[in-house]
Amino acid sequence: MDYLEIEGGSPLCGEVRIQGSKNAALPILSAALQSPGVTVLENCPAITDAASMLEILEGYGCKTRREGNRLIIDAGEVHPGRAPKDCAGVMRSSIMLLGSLLGRMGEAFLPYPGGCVIGKRPIDLHLEALRQMGARLWEEPEGVRAVCRRAKGAQIRLPFPSVGATENVILLAVRAEGVTVLQNAAREPEIEELCRFLTGMGARIEGAGTGTIRIRGVRELHETEYRIMPDRIVAGTYMLLAAAAGGKVVLTEVPLGQLTAVRQVLKAMGARQESRGDSLFLWCPGRCRGGVRIRTAPYPGFPTDLQSPLMAALCLADGESVIDEQIFEARFKAAKELCRMGADIRIRGSKAFIKGTERLTGARVEAEELRGGAALCIAAAAAEGTSRILQYHYIARGYENIIRDLKALGVMVQCR
Ligand code: EPZ
């Protein structure tokens with residue numbers, strides 16, 4: 001099984017362009033199923049989750065082609081089918097097909113979604129919201145069966161601003177009869193991106209990016225082309241890498257406006273940041289400051305997806321910090337691996353207490369999930385000596401080519 005070998009301890013120096021957004025591309029790929037013809041997506045990251053989603057779309061009759069970062073999806077002749085279990089079961093985003101399949105075909109069978117082991121990842125909010133729009137759903141041993149011949153607009157209020165549930169409601173509501181008003185909707189930038197894409201297909205949506213989204217269903221959607229926005233989590237990962245390893249980096253095509261919470265934490269840690277257009281110049285004169293106390297929260301709060309990368313950077317900061325993970329119940333998996341590199345982290349309930357140390361030492365560590373794996377890359381680049389990061393495939397689910405990017409930033413890394 002492939003592993004990464006990283007020779008750490010040298011300050012960074014280099015430049016990298018931020019890839020297209022995984023968490024924007026995946027719901028948009030689901031939405032492409034509702035086109036009567038061809039969708040062309042530019043800047044779609046070449047990540048394994050996108051490849052899995054394409055395989056699933058082909059299971060419903062779509063024809064797909066990748067030309068570098070351009071994806072062409074022809075949904076002209078789709079049919080009810082079954083998502084290949086080995087694809088749908090490996091990632092969370094397959095559940096986002098439910099709204100699109102019901103919108104396009106009025107019926108669906110989806111294996112239960114898989115994804116990272118960061119928590120139970122229930123789908124109750126998805127199913128309850130779709131039921132309010134007239135969908136009938138059965139949770140069978142192998143997956144969810146759903147029928148909805150003609151969805152009806154509804155007044156829906158989510159108990160929690162779930163990103164995926166918000167996306168599923170939007171994906172069904174765009175073709176429903178009448179108006180759907182979704183309250184306590186997720187406000188993540190990826191929701192706005194999905195709504196921009198659907199509007200380009202002829203959907204009628206107001207309030208994307210706010211807590212209340214209003215969708216007036218239309219009979220038909222049409223073909224469109226779209227360029228996926230940059231990935232704020234990948235950008236944040238490399239910003240925290242620079243804070244941990246030291247040196248100077250330039251990141252281009254950075255969605256700066258989506259990273260306010262992260263930039264505030266980096267500023268508190270002593271990282272210097274200069275932005276010009278969508279480029280960010282970041283460097284850390286000397287060791288970062290600790291004493292950071294953050295709680296992860298729905299957007300625009302500090303993103304849970306950058307919690308592990310931040311933990312890695314705080315392991316070397318000067319002082320004690322506390323991270324309170326409020327979104328997922330099992331998202332501290334990287335902590336024990338970081339401790340194998342000499343980090344001082346104690347977990348108590350939803351809180352991680354990190355006492356910064358002068359140095360970390362390279363070690364053989366194992367990724368167990370996507371963002372925890374990225375955190376291990378950060379620690380390895382900052383540690384003295386050689387690290388081996390096993391189960392690299394988890395990282396490839398969301399980072400298009402972390403080896404290419406780390407090398408571009410001056411990290412000595414090989415895939416073995
Ligand atoms: C999306 O997951 C992202 N994935 C996650 O990114 C991200 O961490 C998460 O949103 C929060 O921002 C994609 O967009 C593909 P949620 P999602 O529904 O939609 C609970 C990454 O690393 N919940 O907002 O699954 C759930 O258990 C991934 O790129 C229910 O209880 O997140 C969690 O505690 C990881 N019932 C909380 O809500 C439900 O029906 C947030 O989940 C749905 C969710």
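Atoms within each ligand, like the ligands themselves, are counted from 1 in listed order.
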Fill in: Tyr226 six-ring face occupied by Arg196 cation (under 6.0 Å, within 45°)
no
Discussion item. I want to know if ligand 1 touches Ile118 in the polar sense, i.e. an N/O pair below 3.5 angstrom.
Written reply: no
Fill in: Met96-ligand 1 polar pair, N/O distance under 3.5 Å
no
Discussion item. So for Pro122, does at least one of its heavy atoms come nearer than 4.0 angstrom to any atom of ligand 1?
Written reply: yes
Fill in: N or O contact, Glu167 vs ligand 1, cut-off under 3.5 Å
no
Item to complete: Look at atom 40 (O) of ligand 1 and find which of Asp49, Leu125, Asp231 reaches it with the closest heavy atom.
Response: Leu125
Practice prompt. Flag Leu370 as yes when one of its N or O atoms lies below 3.5 Å from any N or O atom of ligand 1, and as no otherwise.
Written response: no
Worksheet item: Is Arg371 close to ligand 1, meaning an N/O of one under 3.5 Å from an N/O of the other?
Response: yes
Only pairs under 3.5 Å count here: list side-chain donor-acceptor contacts from residues 227-236, not counting sequence neighbours, and write none if there are none.
from: Asp231; atom 1: OD1; to: Ile233; atom 2: N; distance (Å): 2.8
from: Asp231; atom 1: OD1; to: Val234; atom 2: N; distance (Å): 3.0
from: Asp231; atom 1: OD2; to: Lys22; atom 2: N; distance (Å): 2.9
from: Arg232; atom 1: NE; to: Glu190; atom 2: OE1; distance (Å): 3.4
from: Arg232; atom 1: NE; to: Glu190; atom 2: OE2; distance (Å): 2.8
from: Arg232; atom 1: NH2; to: Glu190; atom 2: OE1; distance (Å): 2.9

Distance-only donor-acceptor hits, side chain of residues 297-312, under 3.5 Å, sequence neighbours excluded:
from: Thr304; atom 1: OG1; to: Glu325; atom 2: OE1; distance (Å): 3.0
from: Thr304; atom 1: OG1; to: Glu325; atom 2: OE2; distance (Å): 3.1
from: Thr304; atom 1: OG1; to: Arg331; atom 2: NH1; distance (Å): 2.8
from: Asp305; atom 1: OD1; to: Arg331; atom 2: NH1; distance (Å): 2.7
from: Asp305; atom 1: OD1; to: Arg331; atom 2: NH2; distance (Å): 3.0
from: Gln307; atom 1: NE2; to: Glu325; atom 2: OE1; distance (Å): 3.0
from: Gln307; atom 1: NE2; to: Arg331; atom 2: O; distance (Å): 2.9

Worksheet item: Would you say ligand 1 has an N or O under 3.5 Å from any N or O of Thr304?
Response: no
Fill in: Gly164-ligand 1 polar pair, N/O distance under 3.5 Å
yes
Worksheet entry | ligand 1 versus Asp305: contacting region, heavy-atom distance under 4.0 Å | side chain
